[in-house]
Amino acid sequence: MTEQHPDQDGGVPDPPDPAGRFSEAAGRLSEEVGTLVRAELERARMELTETARETGRGSLALTAGGVCALLALLSAHEAVLRAAERHWPPPQRAATVVGLGYASGAAAFASFGCWRLRKARAASREALAHMVPDRTAD
């Protein structure tokens, strides 16, 4: 049998408390996990901030490009209108012809866009049907 030695006040020392060691280890683990989570959150915040900054720069460049494209279109419109005025003497006739040309182009692009959107919707529905099981078979 094991022999117990008296402690300083002459009594027998208490046996080691396993629950105390466990709670101490759990406390350390909790602190370390908290530190790790805070570090990961800070890293994610930094990445998101950088991504937002880059997105802002890209959006600004895209907006500037859009403004330049609009100005180019307006200039091209004026050039086409002036050229049409030389071929069709009354200015209203030239404006009508140019306007009809723009309307025809708009109708063609709108029709094409609707067709593409219908194709995309059908493809999305098909992909979704493959991903989600049919619940009516149950």
Side-chain angles (χ1 to χ4, degrees):
M1 220 174 186
T2 352
E3 185 178 316
Q4 295 187 354
H5 300 285
D7 61 2
Q8 291 176 345
D9 59 356
V12 176
D14 292 333
D17 182 17
R21 278 192 245 159
F22 177 75
S23 67
E24 182 182 317
R28 279 194 317 265
L29 179 63
S30 174
E31 287 176 18
E32 290 173 5
V33 167
T35 302
L36 180 63
V37 167
R38 281 189 291 279
E40 285 299 310
L41 286 174
E42 179 64 21
R43 186 182 62 78
R45 186 187 67 78
M46 298 283 285
E47 286 178 10
L48 286 174
T49 301
E50 183 61 29
T51 300
R53 188 174 293 124
E54 288 299 317
T55 301
R57 289 178 187 145
S59 297
L60 182 61
L62 190 59
T63 302
V67 168
C68 290
L70 180 62
L71 292 173
L73 283 174
L74 289 173
S75 297
H77 165 76
E78 283 297 318
V80 167
L81 191 57
R82 286 195 179 117
E85 286 172 352
R86 282 193 293 258
H87 294 290
W88 294 290
Q92 293 84 4
R93 189 178 296 162
T96 301
V97 169
V98 171
L100 286 173
Y102 289 154
S104 298
F109 280 123
S111 175
F112 178 71
C114 287
W115 175 74
R116 292 293 302 216
L117 287 173
R118 281 193 297 273
K119 269 184 74 172
R121 182 175 52 196
S124 295
R125 285 183 178 163
E126 184 179 327
L128 187 60
H130 289 298
M131 291 172 43
V132 178
D134 185 16
R135 295 185 187 256
T136 59
D138 290 342

Exercise for the section: Answer yes when R43 and E47 have at least one side-chain N-carboxylate O distance shorter than 4.0 Å, and no when they do not. Expected result: yes
Practice task
Starting at CZ of R93, measure out to OG1 of T96 and round the result to the nearest 0.5 Å.
Solution key: 9.0 Å
Exercise for the section: Search all heavy atoms of P91 against all heavy atoms of E85 and return the closest pair with its distance. Expected result: CB-OE2, 3.9 Å
Handout entry: Sidechain-backbone polar pair: S30 side chain, A26 backbone, donor-acceptor under 3.5 Å
Key = no
Exercise for the section: Mind checking the CG-CZ spacing from L81 to R86? Nearest 0.5 Å is all I need. Expected result: 10.5 Å
Handout entry: Separation between OG1 of T55 and CG of L48, rounded to the nearest 0.5 Å
Key = 10.0 Å
Exercise for the section: State the CG-CG distance between L41 and L36, to the nearest 0.5 angstrom. Expected result: 9.5 Å
Practice task
Can you see which heavy atom on E50 is nearest to which on R57, and at what distance?
Solution key: OE2-NH1, 4.5 Å
Practice task
Mind checking the NZ-SG spacing from K119 to C114? Nearest 0.5 Å is all I need.
Solution key: 14.5 Å
Completion exercise
Rounding to 0.5 Å, atoms OG1 (T49) and CE (M46) come to a distance of 7.0 Å
Exercise for the section: Kindly determine whether E42 and R45 satisfy salt bridge (charged side-chain N to carboxylate O under 4.0 Å, His left out), including the steps that lead there. Expected result: CA-CA 5 Å; E42 179 64 21; R45 186 187 67 78; 2.6 Å; yes
